[in-house]
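In what follows, a structure is listed as structure tokens, so that the remarks can point back to it.
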Amino acid sequence: MDAKSRVRIATTSLAGCFGCHTSFLDIDERLFDLVRQVDFDRSPLTDIKQVGDCDIGLIEGGVCNAENVHVLREFREHCRILVALGACAINGGLPAQRNHLSLASVLQEVYLTAPGPAGGLIPNDPELPLPLDKVHPLHEVVHVDYFIPGCPPSADAIWQVLTDLVAGREPVLAQRLIHFD
Ligand code: SF4
């Protein structure tokens, strides 16, 4: 298979816990089959800093800060097929529980009220991405092509969707592979 016909995959974690990537790695020795057919672009598994043109983008985590929005838009621009991987990417997941509270009260509680160093400060270095008022699922920011549910999705579910997409088939998840916890 020449470089041109090889499928190129990018992955990233936004407001995620890396659990979905860990579940992806749980495909175990099937990784060897996968790397015979695909190349990895930007991903926590590579050292590539900027996402390039790809066939498939897998994204775990919702959108909780300005950098997440930037990275998500870059993935959408460069990935022909974008996949929301896991509960956080699909509906904000557990991190979206903070949506019940005001951002100001969360920052105040964590940095100023809770026990910790005296004279605490809410971090304000310009290098830090500004948090958003609410945590959002991916589809509220960009178009998403496929969703793989679960927290995390099982390795078998990820494998099923990936192998279907790599082969150019419409992904079909068997009922036994669909769960939301
Ligand atoms: S869906 Fe679950 S495993 Fe995946 S990033 Fe969110 S919290 Fe982690």
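One-based numbering, in listed order, for ligands and for the atoms of each. Values below: every heavy atom of this structure, side chains too, minus hydrogens, waters and symmetry copies.
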Atoms of ligand 1, numbered as shown, that sit under 4.0 Å from any heavy atom of P152 | 3 (S)

Residue among V161, I56, D55 satisfying side-chain contact (heavy atoms from CB on, under 4.5 Å) with V166 | I56

Check ligand 1 against C17 and write out every atom of the ligand that is under 4.0 Å from a heavy-atom position of the residue.
-> 3 (S), 5 (S), 7 (S), 8 (Fe)

V83 backbone acceptor or donor facing D145 side chain under 3.5 Å = no

Does one side chain, of H21 or T11, offer a donor that lies under 3.5 Å from an acceptor on the other?
-> yes

Confirm or rule out an N/O/S atom of C151, from backbone or side chain, lying less than 2.8 Å from atom 8 (Fe) of ligand 1.
-> no

Heavy atoms of R8 and F40 approach each other most closely as NH2-O, 4.0 Å

The atoms of ligand 1 lying under 4.0 Å from a heavy atom of C20, numbered in the order shown, are 1 (S), 3 (S), 4 (Fe), 5 (S)

Under 3.5 Å, is there a donor-acceptor pair between the side chain of R30 and the main chain of I27?
-> yes

If you count the atoms of ligand 1 from 1 in the order shown, which ones are under 4.0 Å from a heavy atom of G19?
-> 3 (S)

Enumerated ligand 1 atoms positioned under 4.0 Å from heavy atoms of E60 | 5 (S)

Side-chain (R76) to main-chain (R80) donor-acceptor, under 3.5 angstrom = yes

Residue and atom name of the nearest protein heavy atom (relative to atom 1 (S) of ligand 1), distance in Å to one decimal | A87 N, 3.3 Å

From C88, does some N, O or S atom reach closer than 2.8 Å to atom 6 (Fe) of ligand 1?
-> yes

Spatial distance of atom OG (S105) from atom NE2 (H100) [nearest 0.5 Å] = 12.5 Å

Could you tell me if any non-hydrogen atom of G93 lies under 4.0 Å from any atom of ligand 1?
-> no

